[in-house]
Each structure stands twice: as C-alpha cells, then as structure tokens.
Amino acid sequence: MTLLKAVRGTRDLLPPETELWNHVEAVTRRVFARYNFGEIRTPIFEDTSLFARSVGEETDIVSKEMYTWEDRARAQSEKSQSLTLRPENTAGVVRAYIEHNLGETGLLQKLYYIGPQFRRERPQKGRYRQFWQIGAEVIGPPSAGSESPLRDAEVLEMLSSFLDELGITGWNLVLNSVGSSTDRPKYVAALRQALAPVKDRMSPDNQRRAETNPLRVLDSKDPADEAIIATLPKIADYLDEASKAHFAAVCAALDACGVKYEVNPRLVRGLDYYTRTTFEFTHGGLGAQNALLGGGRYDGLSEMLGGPKAPGIGFAMGLDRLILTLQSAQIESAPSASAILADAFVAPLGEQLNAPALKLARDLRRQGLRIELGDGGFRIKKSFEIANKLARNIILLGEDEHASGILTVKNFATGEQTKIPRDQLASALQTR
RNA sequence: GCGGCUAUAGUUCAGCGGCAGAACGCCUGACUGUGGCUCAGGAUGUCGUGGGUUCGAUCCCCACUAGCCGCCCCA
C-alpha cells in the first residue's frame with residue numbers, strides 16, 4: 001500500500017511550532033480588539049462566480065489557480081453548482097455584508113478573519129496551496145464615513161502597531177494610489193497607448209503583460225526594461241482631484257502619528273477591485289516572496305457583487321510568511337522553537353499507584369498547573385529520563401508517599417529534592 | 001504552467017557499479033527509589049516510486065512523485 005502523504009503544497013503544523021501560531025493569533029486578536037474589530041468567519045467555499053466577479057475573470061487567480069468543482073445535483077429538481085475553495089477572503093466578507101444587510105445598521109463594519117485560503121500554485125518558500133491569512137475589512141455606507149481617508153490611515157496605523165507588538169522589525173510600508181474606479185480605466189488606456197509603440201523592444205514577459213495586464217509592466221523587475229518604463233505615464237497624473245486629496249490626507253494622517261512609509265507610484269495590486277489607496281508591507285529575508293501583507297481600498301466591490309454602495313478598505317496578511325519571519329528573526333517575545341516544559345511530571349512507582357497518580361494529577365491540573373502523567377509500569381530511571389525532557393519537576397508517588405501524603409519532589413534545574421505535603425504541592429510548584 | 005537543484009536510519013547528512021555509513025536521537029547496562037555528564041554495548045533502512053542498461057544498480061539512463069530555489073503570478 002502506498003504511504004499516504006499530505007498533498008502537494010499542504011503541510012502539517014506540529015507542536016511546538018503551533019505554539020508560535022497560537023501566539024501570533026493571540027496578538028492579532030488582542031491588537032485588533034483595541035481597534036474595535038469583530039471576528040467574522042465565512043465559509044471555506046463559495047459559489048465560483050463570487051470570485052470571478054470580484055477578484056477578476058482575467059487574473060491568474062481566477063483563470064488558473066482556483067480549486068473549483070461541480071457540486072453534483074442530488075435530486076432531479078436540484079441544479080448542480082460550481083463551487084470554489086476560497087482563494088482569498090475579502091470577497092466572502094463583502095458577500096456576507098451584502099447578504100446580511102449590514103449596511104442597514106448605518107454603522108461602519110470592522111471585521112477581521114483568520115483562516116485558510118487555497119490557490120493551486122507551484123509551492124515554494126512561504127507559499128503553500130493551503131495557506132493562512134489574517135485579514136481585516138472596514139466597510140460601510142458612505143454616511144458612516146467609509147470613504148474617509150482616516151479609515152485608510154487607521155488601518156495602516158493598526159498594522160504598524162501590530163507588527164511592532166509582534167516584535168517584527170525592519171518592515172517597510174509601501175503606499176500608492178491607483179485612483180478611483182473612473183481614473184483607473186483612463187490610466188490603463190493611456191498606458192496601453194504608450195506601450196503600443198515601445199513594447200516590441202521589451203522583454204517577452206513585459207510584452208505579454210502589455211497585452212493582458214498593462215499595470216503589471218510597472219511591477220517589472222527586469223532592469224533592461226527600466227529605461228522604457230521610466231517614460232511611461234504616471235498614475236499620479238491621472239488621479240482626479242478627489243483621489244489626490246484622499247491620498248494626501250492618508251499620508252498626512254500617517255505623518256501625524258509617525259508611521260513611516262514610502263510612496264511607490266508603481267505599486268499596483270493584482271486584484272481588479274482595488275481603488276485609490278493600495279499598500280504593501282514588505283520584509284527582507286523572505287526570498288522572492290518579500291510581501292508580508294497587502295491590501296487597499298475597494299470602493300466599488302459591493303456594487304460589483306450586486307450590493308449597495310459600500311466603500312471599504314482592507315488587507316490580507318500571509319500568516320505562513322509572518323511565522324517564517326518571526327522564526328528567522330528569533331524574536332524574544334515569541335515562544336521559542338523548543339518544547340514548552342510542564343510544571344511537573346507525576347511518576348507513580350508501581351502500577352498499583354496509577355489510579356492514585358491520576359487523582360493527584362487531576363488535583364494539580366485543576367489548580368492550573370501543567371502536568372505530565374507518567375506510568376507505574378516505567379522503571380524509575382525511565383520516569384526520570386522522560387520527566388527531565390518534559391517537565392521542570394518530578395513528583396514521586398511511591399507507597400510511602402501515597403500512605404503519608406507527603407510527596408517527594410525533585411527540581412531538575414537545581415537538582416534539589418524535597419518532601420512536600422500534598423496540600424502545599426500546587427503552591428510550591430508555582431514558584432519552581 | 002516553465003527552469004535549476006535535490007530525494008539514503010527517527011533527524012541532519014556522507015558514500016559507492018559488487019557486505020548500507022557517520023553524527024545526533026532511540027534502546028540496554030554500569031546505577032533494582034533518581035535525570036542531566038561520562039563509559040560500555042545494541043537496534044535501525046523498500047537507499048522516494050516505476051521502468052531501462054548491466055553478470056550485478058542505492059550509484060548510470062528515462063519517466064513519475066515530492067521538496068527546495070527561481071520565473072510567471074501573488075499574501
């Protein structure tokens with residue numbers, strides 16, 4: 001029989017690494033709560049057309065990277081339906097916003113999520129087919145202030161605080177504006193026009209991009225094409241007054257609270273729905289996958305999905321990459337890679353003491369201690385060996401201890417061995 | 001989807017066209033109620049999968065699968 005393995009691009013997360021994941025998630029919930037965000041959990045799969053309409057039919061994600069299947073009809077009256085494992089979570093959040101008429105509250109919705117997403121890409125460092133994202137969206141009717149540049153700045157400030165609180169240093173915030181939903185098509189048209197006479201002199205990659213997605217030419221890393229790219233029209237010249245003012249206000253608010261950023265007029269994002277502010281937090285040490293998180297404003301997304309006018313801004317952060325960054329930086333505040341030690345290892349000396357040992361372990365655990373329970377079948381030496389690996393102390397429960405209620409406790413760090421009455425055990429272990 | 005590199009013990013890796021190796025880990029003992037350190041001994045394995053060349057393949061060739069790195073794209 002062939003050995004079953006996790007499928008390509010998926011992986012198991014095991015302890016103690018999961019401690020680090022839990023730590024990151026705990027910091028996320030703590031920080032985001034301070035900004036009064038609430039958690040949303042949307043389904044892991046959705047109707048395929050949700051992603052086709054939001055992410056963009058022509059994007060690589062939709063055209064070749066989605067896990068899509070036909071959910072067969074179970075009855076004559078039922079139609080089959082095309083379903084897709086979510087490749088990102090913003091579309092699902094906006095769908096939920098529309099479906100539950102959240103705009104009718106008249107309030108800004110501030111929602112965050114933590115969960116797996118799926119794209120059928122070639123796996124590499126920090127890139128998996130099932131990958132985890134932390135994201136947040138601020139969305140609501142214009143009357144709730146959802147269009148305000150203050151919302152953009154607040155989200156960016158929250159992210160900078162979040163990364164600081166995690167202990168990640170050396171991140172870089174890159175900012176741009178891609179204009180309103182009317183600016184953007186005008187600019188793309190101008191870009192196509194400017195590219196037409198010169199694209200033949202560019203690399204094959206850029207020739208193809210010039211056809212399919214001209215914005216991406218700006219992202220090119222090909223030094224040979226630099227000179228041509230420098231002559232192309234700039235998005236900043238195509239922004240209307242409102243978009244310019246919006247961007248200036250975002251920058252001013254960031255300046256006011258000392259959040260450092262760099263404006264990169266070439267930063268474009270891959271998804272069709274972005275308008276105005278777009279951004280990326282990058283970090284070295286991630287190889288080619290240097291983007292830690294990315295996001296932007298999507299003022300027209302709700303309407304694209306048939307909903308009410310509901311401008312919004314949000315981001316998605318690659319958790320797999322964030323963890324990699326934390327591991328490579330060996331951040332002090334994060335749990336280390338080494339296993340977490342139990343407070344004590346309870347060692348029954350003889351199988352007849354197994355049952356009393358479980359009772360002892362239960363009592364200590366109920367007092368909040370982290371307890372590993374051994375087995376009376378172990379030779380005492382083996383108990384010590386295991387205990388030394390898993391716990392800070394060992395508690396011996398032999399016939400004497402059981403009869404007298406005074407337990408033998410040895411601390412591995414000091415080598416000190418003492419007798420402690422059962423009712424004082426928990427408090428004694430708290431401090432050693 | 002494309003290109004390069006890789007796949008050998010639980011782990012990290014060496015190796016060779018002719019008996020399968022090291023380190024760490026694991027097990028046993030020195031020490032029948034005492035770990036770490038030390039010493040002595042021991043067990044590891046479809047050499048990724050399938051085919052081919054060869055008297056003989058873990059080694060050479062091909063395909064496949066998976067991983068890493070890069071490209072495309074993207075978080």
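Every chain is numbered from 1 and lettered A, B, ... according to where its sequence line falls, protein lines coming before strand lines. Everything numeric here is computed off the predicted structure, so don't read it as measured data.
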Query - side chain to side chain donor-acceptor pair (under 3.5 Å): pairs with one or both residues in residues 374-387 of chain A, sequence neighbours excluded - result: none

Query - Qualifying side chain to side chain donor-acceptor pair (under 3.5 Å) pairs with a residue from residues 343-357 of chain A, counting only residues at least two apart or across chains - result: A:D343-A:R392, A:Q352-A:E399

**Report entry** salt bridge (Lys or Arg N to Asp or Glu O under 4.0 Å) partners of residues 192-203 of chain A, not counting sequence neighbours, each pair once
**Finding:** A:K199-A:E211

Query - Listed once per pair and sorted, the side chain to side chain donor-acceptor pair (under 3.5 Å) pairs that draw on residues 416-429 of chain A, sequence neighbours left out - result: A:D363-A:R422, A:T408-A:K419, A:T418-A:R432

Query - Set of salt bridge (charged side-chain N to carboxylate O under 4.0 Å, His left out) partners for A:E157, sequence neighbours left out - result: none

Report summary line: Those residues at least two apart in sequence (or on a different chain) that pass ring pair (Phe, Tyr, Trp, His ring centres under 6.0 Å) with A:F162 are A:F32

**Report entry** Under 4.0 Å protein heavy-atom contact, by nucleotide of nucleotides 23-35 of chain B - B base, S sugar-phosphate only
**Finding:** ---S-SS---BBB

Query raised in the report: Tell me, which pairs form a side chain to side chain donor-acceptor pair (under 3.5 Å) where one or both residues lie in residues 44-54 of chain A, sequence neighbours left out?
Result: A:E46-A:R95, A:D47-A:S49, A:D47-A:Q81, A:T48-A:S82, A:T48-A:T84

Report task. Starting from P on B:A66, measure out to CD on A:E121 and report it in whole angstrom. Result -> 16 Å

Requested in this report: Anything below 3.5 Å on both distances counts as a pair; with that, list the stems of at least three consecutive Watson-Crick or G-U pairs involving RNA chain B.
Outcome: B:1-7 with B:65-71, B:10-13 with B:21-24, B:26-30 with B:38-42, B:48-52 with B:60-64

Query raised in the report: Got a sec, which residues hit side-chain contact (heavy atoms from CB on, under 4.5 Å) with A:S148, two or more places apart in sequence or on another chain?
Result: A:L150, A:R151

Requested in this report: For A:Y273, check ring pair (Phe, Tyr, Trp, His ring centres under 6.0 Å) against everything at least two apart and list the hits.
Outcome: A:Y298

I'd like a list of close polar pairs between nucleotides 3-8 of chain B and the protein, N/O only, cut-off under 3.5 Å.
none

